[in-house]
Structures are given as C-alpha cells and as structure tokens.
Visitor: 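Before I ask anything, here is the structure I am working with.
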Amino acid sequence: MSTPEVFMRRAIDISRDKMRADGCAPFGCVIVKDGVIVGEGVNNVVNNHDATSHGEMEAIRDAGRNLKTWDLSGCELYTSCEPCEMCAAAMFWAKISKMYYANTLGDCEQIGLDCAPLRTMVRSDVEERALPARRLLGPEAREVLDEWAAMPSFDPFL
C-alpha cells in the first residue's frame, strides 16, 4: 500500500538521483492522484536553460500531459522542499488539492539559497518592487480581456 511517506521518499530519491546523474539541483516532486503517481519532476533550471524548471513546475507539467488536463483537482503534490512563491502560484492555478514537503525554505537558507528577496518582491505592489515596471497600452490590452470575458466559453481559470 502506498502512503504519504512512500510518495515523499520517491520525491527525495529522484532529487538525489538526478542531482548525482545529471547535475540537477536537489529538488524533486511527484504528483499523485487516487494513489498513483501521475507526474514527476526535478529542478532542471541549469540543464534546460529555463528559470521556471523547478521540480514542482516540471511535475505539474508532467501530470497535465499525462492526465490531459490543466486542472489537477484531487491531486496531491509531494515535494522534497517547501515551494517558492512561483511554484506555490503554479499549484494554485493547477488546483492542487494538498501539498506535502520535506525540507523548509529555512533549510535552504542555511546552505546559502535564500528566497526572502523573492518573497518580498512577490508580496509587494508592482510599483514598489525592486524590478522596475511601467504600464504600457493598458486600454488596448483591456479590449482583449473584455472580448475574452464576453465569449461563451469564458473560464477565468484557463
């Protein structure tokens, strides 16, 4: 019988295996639906030349492909480390039902990986962020949003 510990051990094992074999960062994730692993991912930022290639993001993409849906309601996510804000946002949009984690962001901070600046930026209003931002062509872009909202198939969670 599969237990939460079995699934978490798989997330930890793939993080270690891919770190040793492929030079990935040691962050692994599995997504489970009805007791079956439907998605797996590891942090492959360096190898994929993709800043979004975190374990959780890759597992969500894998589960979506395998289940042929973006809606992962009813799925549980097991990750070897507490997710950053980007990954937490992806879990929100994917409608993950429950998350389990092993390491904490505090554990990462102790080895030199500090997500506090990301946390501060994401929780700030856009005008107050360290990343300079300027709004352009708002009314033109709003026309597209309004057109989308008027479509019979409109679903704001697509």
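Side chains are part of it too, since the values below use all heavy atoms of this structure and drop only hydrogens, waters and symmetry mates. None of the values given here were measured: they were computed from a predicted structure.
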Visitor: Grab the two heavy atoms, one from Trp93 and one from Trp70, that are nearest each other, plus how far apart they are.
Guide: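 That closest heavy-atom pairing would be O-CZ3, 3.4 Å.
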
Visitor: Could you go step by step and tell me if Leu72 and Lys95 meet the side chain to side chain contact (heavy atoms under 4.5 Å, CB included) rule?
Guide: CA-CA 5 Å; Leu72 301 181; Lys95 299 185 178 186; 5.8 Å; no

Visitor: At what distance, to the nearest 0.5 angstrom, does CG of Leu77 lie from NZ of Lys98?
Guide: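 Leu77 CG to Lys98 NZ: 12.5 Å, rounded to 0.5 Å.
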
Visitor: First locate atom NZ of Lys18, then atom CG of Asn44, and finally report the distance between them rounded to the nearest 0.5 Å.
Guide: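 Rounded to the nearest 0.5 Å, the NZ-CG separation comes to 7.5 Å.
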
Visitor: Is the Tyr100 ring parallel, tilted or perpendicular to the Tyr78 ring (thresholds 30°, 60°)?
Guide: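 Aromatic pair Tyr100/Tyr78 classed parallel.
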
Visitor: Looking at Asp13 and Arg16, is any side-chain nitrogen of the basic one under 4.0 Å from a carboxylate oxygen of the acidic one?
Guide: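 Looking at Arg16 and Asp13, the cut-off is met.
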
Visitor: So which atom in Asn43 and which in Cys24 form the shortest heavy-atom distance, rounded to 0.1 Å?
Guide: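 Closest approach of Asn43 to Cys24: O-CB, 3.1 Å.
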
Visitor: At their closest point, which heavy atom of Pro83 faces which heavy atom of Met91, and how far apart are they?
Guide: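 Minimum heavy-atom separation between Pro83 and Met91: CG-CE, 3.2 Å.
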
Visitor: Write down the atom of Glu56, the atom of Cys81, and the distance for their closest heavy-atom approach.
Guide: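 Looks like OE2-O, 3.4 Å.
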
Visitor: Measuring from atom CE of Met99 to atom CD of Glu82, what distance do you get when rounded to the nearest 0.5 angstrom?
Guide: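 Answer for the CE-CD pair, Met99 versus Glu82, is 6.5 Å.
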
Visitor: Looking at Thr104 and Asp107, would you say the former's side chain and the latter's main chain have a donor-acceptor pair under 3.5 Å?
Guide: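 Yes; judged by distance alone, with no hydrogens or angles, the pair exists.
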
Visitor: Looking only at atom types and distance, does a side-chain atom of Ser80 sit under 3.5 Å from a main-chain N or O of Gly28, one as donor and one as acceptor?
Guide: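 A pair under 3.5 Å: yes.
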
Visitor: Side chains of Glu58 and Asn48: closer than 4.5 Å at any heavy-atom pair?
Guide: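 Sidechains of Asn48 and Glu58: in contact.
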
Visitor: Are the side chains of Ile31 and Asp62 in touch, meaning some heavy atoms are under 4.5 Å apart?
Guide: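 Sidechains of Asp62 and Ile31: no contact.
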
Visitor: Can you measure from CG (Asn66) to CD (Glu40) and round to the nearest 0.5 angstrom?
Guide: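 So the gap between those two atoms works out to 9.5 Å.
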
Visitor: Find out if a path of hydrophobic residues (ILVMFWY) with successive side-chain heavy-atom gaps under 4.5 Å connects Val38 to Ile60.
Guide: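 In one cluster with Val38: Ile60, yes.
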
Visitor: Run the side chain to side chain contact (heavy atoms under 4.5 Å, CB included) check on Glu76 and Ser97 step by step: do they pass?
Guide: CA-CA 6 Å; Glu76 297 176 339; Ser97 296; 5.7 Å; no

Visitor: Does Cys108 form a side chain to side chain contact (heavy atoms under 4.5 Å, CB included) with Phe27? I'd like the steps, not just the answer.
Guide: CA-CA 11 Å; Cys108 290; Phe27 303 103; 3.8 Å; yes

Visitor: Could you tell me the separation between the CZ atom of Arg10 and the CD1 atom of Ile12, rounded to the nearest 0.5 Å?
Guide: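 Nearest 0.5 Å value for the CZ-CD1 distance: 12.0 Å.
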
Visitor: Do side-chain atoms of Arg119 reach the backbone of Glu85 as a donor and acceptor pair under 3.5 angstrom?
Guide: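 Checking the backbone N and O of Glu85 against the side chain of Arg119, no donor-acceptor pair under 3.5 Å is found.
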
Visitor: For the OG1 atom of Thr120 and the CD atom of Glu128, what is their distance to the nearest 0.5 Å?
Guide: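 Thr120 atom OG1 to Glu128 atom CD measures 11.5 Å (nearest 0.5 Å).
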
Visitor: Is the side chain of Asp114 donor-acceptor paired with the backbone N or O of Ala116 at a distance under 3.5 Å, no angle test?
Guide: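 Indeed, once roles are kept as given, a pair shorter than 3.5 Å links the two residues.
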
Visitor: If you compare all heavy atoms of Cys75 against all heavy atoms of Ile96, which two are closest, and at what distance to 0.1 Å?
Guide: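 Residues Cys75 and Ile96, closest heavy atoms: O-CG2, 3.7 Å.
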
Visitor: Decide yes or no on side-chain hydrogen bond (donor to acceptor under 3.5 Å, both in side chains) for Arg61 and Thr52, but give the supporting numbers first.
Guide: CA-CA 11 Å; Arg61 291 173 182 140; Thr52 70; 3.0 Å; yes

Visitor: Any side-chain donor paired with an acceptor under 3.5 Å for Asp71 and Ser73?
Guide: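 A pair is found: one side chain offers a donor N or O, the other an acceptor, under 3.5 Å apart.
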
Visitor: Group every Ile, Leu, Val, Met, Phe, Trp and Tyr by side-chain heavy-atom contacts under 4.5 Å, then state whether Leu145 and Phe154 land in the same group.
Guide: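 Leu145 clusters together with Phe154.
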
Visitor: Any idea which heavy atoms bring Ile14 and Val42 closest together, and the distance?
Guide: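 Heavy-atom minimum between the residues: O-CG1, 3.7 Å.
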
